[in-house]
Amino acid sequence: MNANDIAGELAGRHIVLGLTGGVAAFKSAEFCRLLTKAGATVQVVMTDSASQFMTPVTMQALSGRPVYCSQWDARPDNNMAHINLSRDADAIVVAPASADFIAQLAQGRANELLALLCLARPIGRAPLLIAPAMNREMWAHPATQRNVRQIAADGAQVLAVASGDQACGEFGDGRMLEAGELFEELIAHLAPKTLVGQHVLVTAGPTFEAIDPVRGITNHSSGKMGFAIARAACEAGADVTLVAGPVHLPTPRGVRRVDVVSARQMHQASVDIARSASVFIATAAVADWRPASEAEHKIKKDGSGEVPQLAFIENPDILAEIAQSPRARAGDLYCVGFAAESENLEANAQAKRARKGVPLLVANIGPATFGRDDNALLLVDDEGVIELSRASKRMLAQQLVAEIAGRVSGAAA
Ligand code: CTP
């Protein structure tokens with residue numbers, strides 16, 4: 001996760017980062033760095049045990065603020081650190097959260113500043129995210145599982161644990177999430193939940209149409225826009241399935257991914273999934289044609305100078321077909337098309353929207369976006385044209401998801 005990708009994501013946000021005792025504290029140092037790079041102000045609060053694993057000096061240097069370790073810290077004028085710290089927070093993240101700390105929360109105990117401020121937080125205003133970190137037996141213990149259920153019922157969001165090698169030499173569940181994963185969880189938690197209850201299908205990336213076992217026809221689509229949309233939709237609370245052509249991009253957290261290669265595979269997967277989807281966003285650059293036949297073996301140069309003659313047949317138009325399905329026509333499936341053009345953006349987009357029969361078409365200049373991290377979009381629907389000016393694909397995806405959510409909820413109202 002690089003600094004450019006996350007710049008501004010948390011601008012204006014104030015995060016309280018709590019550390020309790022655990023070897024995973026080193027990941028929290030990196031997490032703290034990500035938070036500040038994303039523009040958040042970070043107030044670190046550490047328990048006594050946490051200081052055995054990481055010094056407050058390190059966390060002060062990374063957060064740029066003095067760390068709070070004690071309820072009896074005399075710095076606040078009113079001497080009420082637990083109140084002041086919890087009132088300003090947009091979110092409180094405890095990472096690592098030890099088994100003992102979770103037990104304290106479950107009982108509503110307050111014998112250290114961090115537990116005290118969690119108890120004192122306004123539950124409706126300051127969300128509490130807990131990132132457990134412990135040995136696998138401690139994690140699996142019925143007492144811990146009982147406590148985890150209890151704090152979740154009391155309003156905390158308990159993040160998943162990872163499985164793998166543990167500091168104690170054992171292997172299993174209980175590892176804390178990595179810094180980047182914690183960051184994504186926090187971003188998702190803070191995102192407006194505009195698509196709750198929706199099942200969003202996204203196609204992304206290019207397709208690859210085989211000529212023979214070693215060659216094929218593809219295009220320059222990187223899949224970045226579609227992946228960014230899938231991520232933003234998931235953060236907005238949707239259940240998201242991403243049908244991806246051949247790209248080298250990590251699956252956004254929480255998104256279900258189906259990998260395909262050819263247009264026909266993408267067509268099959270999309271038609272199946274669209275049966276239960278409520279929104280379909282077709283960002284894939286699907287090959288319009290494929291070789292009429294795929295040679296069983298590599299086509300060889302025979303030295304005669306003769307070149308192979310390729311014949312093509314048309315691929316199914318996934319978007320047009322799904323947009324004409326009974327569910328889409330009945331208004332149960334909202335379809336969004338993309339148009340990669342090289343000129344006359346608005347006129348081509350209007351024509352394509354009518355041809356594909358979709359309520360919303362998103363147009364961009366293909367050669368100006370393929371492979372890049374930024375883009376500019378034109379949204380064309382019944383109401384007219386909206387321009388989303390040049391920005392990162394991440395930001396455009398968030399704006400587009402908000403636009404789609406407005407239209408979907410408007411249709412449902
Ligand atoms: N699309 C699709 N299946 C295809 C071709 C395109 O689902 N076989 C979808 C794309 O995912 C996109 C929209 O249709 O959402 C428009 O794609 P684009 O390539 O711009 O348009 P084409 O229909 O191929 O028209 P043309 O290439 O002539 O501009």
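Any value given below was found using the heavy atoms of this structure, including those in side chains, with hydrogens, waters and symmetry copies removed. As the structure is a prediction and not an experimental result, all values here were calculated from the model. Residue numbers count from 1 along this sequence. Counting starts at 1 for both ligands and their atoms, following the listed order.
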| field | Residue pair His267 / Glu321, side-chain donor-acceptor N/O under 3.5 Å | value | yes

| So, Glu184 and Arg253, do they make that salt bridge, N to O below 4.0 Å? | no

| field | Closest protein heavy atom (residue, atom, distance) for atom 28 (O) of ligand 1 | value | Arg355 NH2, 4.3 Å

| said: Starting from atom 21 (O) of ligand 1, what is the nearest protein heavy atom, named by residue and atom, and what distance separates them? | reply: Lys352 NZ, 2.9 Å

| message | Tell me whether ligand 1 is touched by Ala320 - counting only heavy atoms on the residue side and a distance under 4.0 Å. | response | no

| said: For atom 15 (O) of ligand 1, what is the closest protein heavy atom, and at what distance to 0.1 Å? | reply: Ala282 O, 2.6 Å

| said: Please confirm whether Met266 approaches ligand 1 to less than 4.0 Å, judged on its heavy atoms. | reply: no

| said: For the backbone of Met54 and the side chain of Thr58, can you confirm whether one donor and one acceptor N or O come within less than 3.5 Å of each other? | reply: no

| note | for atom 13 (C) of ligand 1, nearest protein heavy atom and its distance come out as Phe338 O, 2.9 Å

| Heavy-atom contacts under 4.0 Å between Asp317 and ligand 1: side chain, backbone, both, or neither? | both

| request: List every atom of ligand 1 that sits less than 4.0 Å from any heavy atom of Ala339, numbering the atoms from 1 in the order shown and giving each element. | output: 20 (O)

| Validation row: Val202, Phe280 side chains within 4.5 angstrom (heavy atoms) | no

| request: Take atom CZ of Arg109 as the centre, draw a 6.0 Å sphere, and report whether it contains more than 12 heavy atoms from other residues, nucleotides or ligands. | output: no

| Heavy-atom nearest neighbour in the protein, as seen from atom 8 (N) of ligand 1, with distance rounded to 0.1 Å | Pro316 O, 2.9 Å

| Looking only at non-hydrogen atoms, which of Asn219, Asp288, Ile322 approaches atom 24 (O) of ligand 1 most closely? | Asp288

| message | Under a plain distance cut-off of 3.5 Å, with no hydrogens placed, do Ser392 and Asp374 share a side-chain donor-acceptor pair? | response | no

| Identity and separation of the nearest protein heavy atom to atom 3 (N) of ligand 1 | Ile318 N, 3.0 Å

| request: Give the numbers and elements of all ligand 1 atoms closer than 4.0 Å to a heavy atom of Gly337. | output: 15 (O)

| request: Output yes when Lys393 and Asp373 qualify as a salt bridge under the 4.0 Å nitrogen-oxygen rule, no when they do not. | output: no

| query | Is a side-chain donor-acceptor pair under 3.5 Å present for Ser278 with His199? | reply | no

| request: Decide, yes or no, whether a salt bridge links Arg175 with Glu178 under the criterion of side-chain N to carboxylate O below 4.0 Å. | output: yes

| For atom CZ of Arg264, is the number of surrounding heavy atoms from other residues, nucleotides or ligands below 6.0 Å larger than 12? | no

| request: Have a look at ligand 1 and work out which part of Ala285, if any, has a heavy atom under 4.0 Å from it: side chain, backbone, both or neither. | output: neither

| query | Are Phe101 and Cys118 side-chain neighbours, meaning at least one heavy-atom pair lies under 4.5 Å? | reply | yes

| query | Which residue owns the protein heavy atom closest to atom 9 (C) of ligand 1, what's the atom, and how far is it? | reply | Leu319 CB, 3.8 Å

| query | Side chain, backbone, both or neither: which part of Lys356 has a heavy atom under 4.0 Å from ligand 1? | reply | side chain

| task | Using a strict cut-off of 4.0 Å, indicate which atoms of ligand 1 neighbour a heavy atom of Ala340. | result | 20 (O)

| field | Verify atom 19 (O) of ligand 1: protein non-hydrogen atom under 4.0 angstrom away | value | no

| note | If you scan protein heavy atoms around atom 11 (O) of ligand 1, the nearest is Ala284 O, 2.7 Å

